[in-house]
Structure formats: structure tokens, C-alpha cells
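I have placed the structure first, in the form of C-alpha cells, so that the comments after it can refer back to it.
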Amino acid sequence: MSTKTVPNVDLGNGYTIPALGYGTYLAKKGQGVDLVKKAIDAGYRHIDTALMYENEVEVGEGIRAKIVDGVIKRDDVFVTTKLWNTFHHPDHVAESFQRSFDMLNLEYIDLYLMHSPMGLEFQGHEYSNLQPTDAEGNSLFSDVDYVETWKAMEKLVKSGKVRNIGLSNFNSEQIKRILEVAEIKPVNNQIEVNPGWNQKKLIEFCQSHDITVTAFGPMGRPHRTTYGNKSALGDAKVQEIGQKYGKTDGQVILRYLIQLGTIPIPYSTNEERIQQNIDVFDFELTDEEMQYMDTFQSERTLPFPPLKKHKYYPFDIEF
């Protein structure tokens with residue numbers, strides 16, 4: 001099996017991150033090990049997970065298996081995981097990180113992200129407590145300031161167990177607040193980016209502050225149709241563009257996101273698609289084709305409706 005080589009993006013602090021990764025958000029229990037092994041065999045050297053995904057043990061096992069096989073060394077693979085919303089209080093940050101660190105069991109973590117600026121009430125470390133609600137089913141919020149959470153995350157870098165820290169689902173004003181106090185600057189903001197929600201202004205803002213952008217939901221999350229995001233998958237013109245380059249519509253979408261300046265992390269369980277998704281560095285879309293991809297702009301697929309009343313809800317401003 002031939003593997004594809006993915007270029008690296010500079011993080012500005014001596015480290016780099018591969019320009020495309022394998023996302024594991026939807027990897028169900030029992031799938032993770034095999035999927036991560038297939039991704040590594042296909043050439044992926046950037047694996048994204050999170051405590052909330054409940055698959056860190058399997059992700060770590062898959063990576064370690066490929067290290068044992070001699071396919072990769074630990075330093076060859078970039079691993080991202082995330083601090084969940086119920087652990088925003090500074091007293092809980094280190095213990096939650098340690099839990100992820102132990103479950104991955106990979107010597108160190110390359111990138112640790114604050115999963116969102118919105119804290120939730122801490123009710124324990126069990127997975128069943130990660131989305132706390134009251135008797136009526138309303139989310140139970142925490143009022144912990146994410147700036148205090150960030151300060152606790154900085155201490156993790158000083159421990160040597162994590163090399164980089166960053167953000168996820170933060171808007172421009174929230175990022176500014178972090179930058180005003182940061183001793184260690186965030187190197188990444190992971191946000192939803194796809195043709196239906198291209199986030200150009202937020203991407204430009206992040207780039208102006210030397211913060212890389214990881215794009216989750218790069219295909220527009222076709223499994224999620226509730227919010228009217230206009231998907232480019234299956235579009236006749238996108239397929240026509242793909243045919244011009246000998247690529248699929250999905251590959252055209254990923255190329256679009258790369259040329260926007262993001263780091264896509266597509267997920268698939270299909271081995272052929274896993275290989276296709278990484279094979280996007282041997283062609284380039286024209287300005288006209290990029291402009292066509294912009295026409296899908298509609299709305300985000302993941303607006304976190306249960307959290308809309310949170311004081312740190314990030315989606316009430318333009319970017």
C-alpha cells in the first residue's frame with residue numbers, strides 16, 4: 001500500500017502540525033483501533049481525538065500498535081486531544097488532562113485544546129457526567145471564566161507532558177481575551193469549516209495572530225441535516241471540477257479548505273475514502289473554482305443549541 005506524504009504547517013514555536021489529519025469524532029466503541037491503524041497505513045500522521053469522544057484508549061492503542069510494528073516512531077505522529085467543558089475550573093484541568101494522558105499512553109500529547117469557551121457544571125469524571133442537565137433537561141452551566149482555564153492549561157506545558165495548547169470553538173473576541181493574558185500563546189483554534197460555513201473572517205483573524213486553524217466537519221457533516229447547511233458533496237459542478245483533476249467531490253472540498261488556510265480533519269470508516277482524503281496535495285483549485293466553492297455558504301451544522309444561553313456562547317457575533 002503506497003502512503004501519501006502530507007506537508008507540515010509551522011506552529012511558530014519550533015513545532016509543526018501536519019496539514020491534514022484524521023478525525024475520530026464519530027468512531028464508535030470497538031472501531032477506533034482498526035480505523036487509526038488504517039489511517040496511519042494510508043499516510044496520516046495527525047490524529048485528532050477528545051475526551052468527549054470516549055475513544056482515547058482505542059486511539060492510543062492503534063498508534064502504539066503501529067509504533068510496535070515499526071511503521072512509525074512516536075515523533076512521527078501528531079496527536080490532539082481536548083479538555084471537556086465540565087473541567088474548566090482550574091482545580092480540574094490537570095486531573096482531566098492526566099486522565100486523557102493516561103488513556104492515550106503515548107509519552108506526551110502534541111496538542112491539547114480547550115474544547116469550547118463554555119463551561120459546564122462538574123459532576124464527576126464518568127462519561128455519563130459530561131453533559132449535565134437539570135430535571136427539565138436543561139444544560140447545567142458553570143460560570144468559570146475560560147481565561148482562568150487557560151492559565152491552568154499553561155501549567156500543563158510547563159510539566160512537559162504536552163507540547164502545545166490551543167482553543168476550539170472560540171470566536172475572535174474570546175481569542176483576544178486569551179491573547180491579552182497568555183504567557184503561552186494558543187497555536188491553534190479548531191472550528192467548524194466547510195463549504196457551507198467557510199469562516200473566512202475568523203480564519204483571517206486567526207492567521208493575523210499566527211494561530212493555525214483546524215477544520216472539523218469539513219464535508220458539512222452530511223449525517224446532520226437539521227440546520228440547513230448547504231453541502232457541496234454531490235453537487236454536479238463540484239463533481240465536474242473533480243473530474244478535471246481526476247479527483248472526487250470530497251477531495252475537491254478538502255483542497256478548498258486547505259487553500260482557505262485550514263487543516264482539515266476528515267473522518268471516514270471507508271478504507272478507500274480514508275486513502276482518498278489524504279490524496280489532495282497534488283492539485284490546486286483555480287481562483288474561479290475557489291469562488292464557486294464559496295457559493296455554498298449557508299449556516300453552521302453545529303450551533304450547540306442547548307448552550308445558546310451560556311454567557312460565553314461563541315456564535316452570537318459575526319466571527
Side-chain angles (χ1 to χ4, degrees), residues 23-29 48-56 80-100 103 112-153 165-178 186 189-194 196-197 199 202 214 216-217 220-221 223-229 265 267 299-319:
T24 66
Y25 164 58
L26 292 172
K28 296 174 184 173
K29 193 162 187 175
D48 182 272
T49 183
L51 179 73
M52 181 61 185
Y53 305 167
E54 301 186 26
N55 61 19
E56 288 171 304
T80 300
T81 193
K82 308 175 190 79
L83 176 77
W84 182 241
N85 304 343
T86 51
F87 307 112
H88 276 205
H89 193 284
D91 290 348
H92 298 307
V93 171
E95 59 192 30
S96 182
F97 171 81
Q98 188 64 42
R99 181 180 172 196
S100 290
M103 287 194 289
Y112 195 53
L113 305 178
M114 196 186 318
H115 209 137
S116 99
M118 300 173 285
L120 296 174
E121 185 178 287
F122 174 77
Q123 294 190 345
H125 287 280
E126 297 78 13
Y127 287 128
S128 58
N129 292 324
L130 296 187
Q131 300 199 65
T133 56
D134 63 17
E136 285 74 45
N138 300 305
S139 295
L140 293 172
F141 300 155
S142 157
D143 62 0
V144 175
D145 190 333
Y146 55 82
V147 165
E148 298 307 312
T149 310
W150 182 259
K151 291 176 181 176
M153 287 175 63
I165 51 176
L167 309 168
S168 183
N169 299 300
F170 273 61
N171 67 33
S172 60
E173 292 179 1
Q174 293 166 335
I175 294 169
K176 281 180 187 174
R177 285 195 68 218
I178 294 289
N189 186 27
Q190 183 173 135
I191 55 177
E192 176 182 351
V193 190
N194 49 64
W197 193 248
Q199 301 253 48
L202 184 52
T214 298
F216 74 74
R221 300 161 76 86
H223 65 285
R224 185 189 292 272
T225 57
T226 313
Y227 301 106
N229 178 284
I265 48 169
Y267 165 77
E299 59 184 305
R300 66 177 78 244
T301 68
L302 194 63
F304 303 135
L307 305 180
K308 281 191 174 182
K309 293 183 180 178
H310 199 291
K311 68 177 180 178
Y312 294 130
Y313 184 73
F315 305 144
D316 285 334
I317 66 172
E318 185 183 4
F319 67 98

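Start at 1 with the first residue, then count along the sequence.
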* Would you say Ser168's side chain and Gln190's backbone share a donor-acceptor pair under 3.5 angstrom? -> yes
* To do: Would you please indicate if the ring centroids of Tyr25 and Phe216 are separated by under 6.0 Å?
  => no
* Pair Lys176 + Glu173: basic N to acidic O under 4.0 Å -> no
* Asked: Does Gly119 offer a backbone N or O that forms a donor-acceptor pair with the side chain of Ser142 under 3.5 Å?
  -> no
* To do: Indicate yes or no for a side-chain donor-acceptor contact from Asn229 to the backbone of Glu299 under 3.5 Å, with no hydrogens or angles considered.
  => yes
* Ignoring hydrogens and angles, tell me if any N or O in the side chain of Glu148 forms a donor-acceptor pair with the backbone of Asp145 under 3.5 Å. => no
* Give the ring-plane orientation class for Trp84 versus His115, where under 30° counts as parallel, over 60° as perpendicular and anything between as tilted. => perpendicular
* Would you say the side-chain atoms of Ser100 and Glu56 include a donor-acceptor pair closer than 3.5 Å? -> yes
* Would you check if the side chain of Arg99 reaches a backbone N or O of His125 as a donor-acceptor pair within less than 3.5 Å? => yes
* To do: Please round to the nearest 0.5 Å and tell me the distance separating atom CD of Gln199 and atom CD of Glu318.
  => 10.5 Å
* Is the shortest distance from a Lys or Arg side-chain nitrogen in Lys308 or Asp316 to a carboxylate oxygen in the other one below 4.0 Å? -> no
* **Of Asn189, Val193, Ile317, the residue whose pairing with Leu202 passes side-chain contact (heavy atoms from CB on, under 4.5 Å)** => Asn189
* Side-chain donor/acceptor of Thr24 to backbone N/O of Asp48, under 3.5 Å -> yes
* Do Gln123 and Thr86 get their side chains close enough for a donor-acceptor pair, meaning under 3.5 Å? -> no
* **Geometric class of the His92/Phe122 ring pair [parallel <30°, tilted 30-60°, perpendicular >60°]** => parallel
* Asked: Got more than 12 heavy atoms from elsewhere within 6.0 Å of NZ, Lys309?
  -> no
